[in-house]
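One structure is given below, encoded as structure tokens.
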Amino acid sequence: MTETLEQRLETIVRGSDSLMTVLRLTRDLDLPDWLIVSGAVYQKVWNHLTGRDPDYGIKDYDIAYFDDADTSYEAEDVHIRRAAVHFPPPFDQQVEVRNQARVHLWFEDHFGEPYEPLTSSAEALGRFVAPCFSVGVRLEVDDRLTIAAPFGLDDLFSMTIRPNPTRGLAKGWDKVIASARGRWPEITVVGAG
């Protein structure tokens with residue numbers, strides 16, 4: 001029986017002590033609709049595929065959650081501060097907690113692109129700059145792993161970076177490509193870059 005890409009991803013995630021620690025500790029925070037997203041996930045896969053240390057290139061662990069009951073920065077900051085004291089070193093300096101229900105309030109000023117309000121953390125993945133980055137995982141109370149990947153996992157496992165088909169070429173694309181190539185020269189870039 002052939003292993004699916006979802007099964008391969010789960011094996012890689014579960015094989016990373018650091019990512020599993022962050023998943024367990026994030027689960028304990030009981031944030032609404034949370035996912036560990038982007039680099040903390042795709043970089044683990046690329047490290048696995050290229051024989052690098054699982055933590056190579058990992059700068060942070062992005063914790064996305066969704067709470068539209070209070071989209072103030074002050075409400076988000078409560079969770080940021082909770083995480084800072086909940087995670088032991090070095091994770092206390094590496095976790096970045098962000099309420100996806102707030103992104104539309106600051107995104108255009110910061111990135112120069114319009115951003116419609118979201119309805120969930122998983123929906124945010126569909127707006128990331130490339131499909132290979134658009135992956136998130138959550139460790140459920142029963143220890144099941146939920147995987148969210150709106151574009152699938154083919155680009156992730158083929159180490160292919162292409163522009164998000166629903167967004168087009170993002171501002172700063174060349175910088176994104178240069179950063180990825182600097183750490184993983186094995187990647188393939190499709191489209192601009």
Side-chain angles (χ1 to χ4, degrees), residues 1-16 18-20 22-23 26 33-66 94 96 98 100 103 107 111-116 118-139 144-193:
M1 188 164 122
T2 305
E3 187 178 42
T4 67
L5 293 181
E6 289 80 8
Q7 290 168 327
R8 288 180 68 193
L9 177 58
E10 181 163 353
T11 298
I12 292 166
V13 168
R14 290 191 184 278
S16 168
S18 56
L19 182 51
M20 287 304 296
V22 172
L23 283 163
T26 304
D33 185 24
W34 68 272
L35 291 166
I36 304 294
V37 299
S38 200
V41 182
Y42 79 81
Q43 293 175 11
K44 298 288 186 183
V45 172
W46 289 0
N47 289 339
H48 176 82
L49 295 173
T50 60
R52 290 179 171 88
D53 182 277
D55 294 327
Y56 170 79
I58 305 291
K59 296 178 184 174
D60 55 37
Y61 292 85
D62 293 312
I63 302 170
Y65 74 95
F66 187 87
Q94 295 174 318
E96 293 190 5
R98 297 294 178 265
Q100 301 305 292
V103 176
F107 191 91
F111 291 107
E113 298 176 43
Y115 199 95
E116 291 297 316
L118 296 165
T119 60
S120 69
S121 291
E123 184 183 3
L125 296 171
R127 308 225 188 138
F128 286 17
V129 299
C132 64
F133 302 154
S134 303
V135 59
V137 294
R138 176 176 50 246
L139 189 63
R144 282 180 306 109
L145 193 69
T146 293
I147 297 170
F151 300 105
L153 298 172
D154 290 337
D155 281 1
L156 173 63
F157 278 92
S158 67
M159 296 184 69
T160 300
I161 303 179
R162 73 182 77 237
N164 180 330
T166 65
R167 183 175 170 189
L169 205 59
K171 182 179 173 185
W173 177 258
D174 291 338
K175 184 177 175 183
V176 168
I177 297 304
S179 175
R181 275 193 177 132
R183 291 176 282 164
W184 297 276
E186 301 90 345
I187 65 169
T188 298
V189 178
V190 175

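One-based numbering along the sequence shown.
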Exercise for the section: Taking all non-hydrogen atoms of both residues into account, name the closest pair between K44 and I12 and its distance. Expected result: O-CG2, 3.8 Å
Handout entry: ring pair (Phe, Tyr, Trp, His ring centres under 6.0 Å) partner of F133, chosen from F151, W173, Y42, F128
Key = Y42
Handout entry: Nearest atoms (heavy-atom pairs only) where A130 meets I161
Key = CB-CG2, 3.9 Å
Problem - Separation between CD of Q43 and CG of L156, rounded to the nearest 0.5 Å - result: 11.0 Å
Handout entry: Residues S18, D55; criterion side chain to side chain donor-acceptor pair (under 3.5 Å); working and verdict
Key = CA-CA 8 Å; S18 56; D55 294 327; 2.5 Å; yes
Problem - Exam field: side chain N47 to backbone Y56, donor-acceptor pair closer than 3.5 Å - result: yes
Practice task
Mind jotting down which residue pairs meet the salt bridge (Lys or Arg N to Asp or Glu O under 4.0 Å) criterion with at least one end in residues 119-134? Sequence neighbours excluded, please.
Solution key: E123-R127
Problem - Worked check of side-chain contact (heavy atoms from CB on, under 4.5 Å) between Q94 and V22 - result: CA-CA 10 Å; Q94 295 174 318; V22 172; over 6 Å; no
Practice task
Not counting sequence neighbours, which residues clear salt bridge (Lys or Arg N to Asp or Glu O under 4.0 Å) with R14? List them please.
Solution key: E10
Exercise for the section: For A148 and A122, work out which heavy atoms get closest and say how close. Expected result: CB-CB, 4.3 Å
Exercise for the section: Verify, without hydrogens or angle tests, whether S134 (side chain) and L125 (backbone) share a donor-acceptor contact under 3.5 angstrom. Expected result: yes
Exercise for the section: Report yes if the side chains of V129 and N164 come closer than 4.5 Å at any heavy-atom pair, otherwise no. Expected result: no
Problem - Polar side-chain atom of Q100 near backbone of R98 as donor-acceptor pair, under 3.5 Å - result: yes
Practice task
Nearest 0.5 Å please: distance from the CG atom of L35 over to the CZ atom of R138.
Solution key: 5.0 Å
Handout entry: Smallest separation among heavy atoms of I187 and W46, with atom names
Key = CG2-CZ3, 3.7 Å
Handout entry: L9 and V135, any side-chain heavy atoms less than 4.5 Å apart
Key = yes
Exercise for the section: Answer whether the closest heavy-atom distance between the side chains of P131 and R162 falls below 4.5 Å. Expected result: yes
Problem - Considering all heavy atoms, the nearest I58-G39 contact - result: CD1-O, 3.7 Å
Fill in the blank from the handout: In this structure, CG of L118 is separated from CD of E116 (nearest 0.5 Å) by 9.5 Å
Problem - Side-chain heavy-atom pair E186, L49 within 4.5 angstrom cut-off - result: no
Problem - Interatomic spacing from CD1 in I63 to CG in L23 - rounded to 0.5 Å - result: 9.0 Å
Fill in the blank from the handout: S121 and Y65 have their tightest heavy-atom pair at OG-C, 3.2 Å
Fill in the blank from the handout: One should read off an interatomic distance between L145 CG and T11 OG1, to the nearest 0.5 angstrom, of 10.0 Å
Problem - Min side-chain heavy-atom separation R167-E113 under 4.5 Å - result: yes
Problem - Chi angles and distances behind the side-chain contact (heavy atoms from CB on, under 4.5 Å) call for M20, V13 - result: CA-CA 7 Å; M20 287 304 296; V13 168; 4.1 Å; yes
Completion exercise
One should read off an interatomic distance between S158 OG and L153 CG, to the nearest 0.5 angstrom, of 10.5 Å
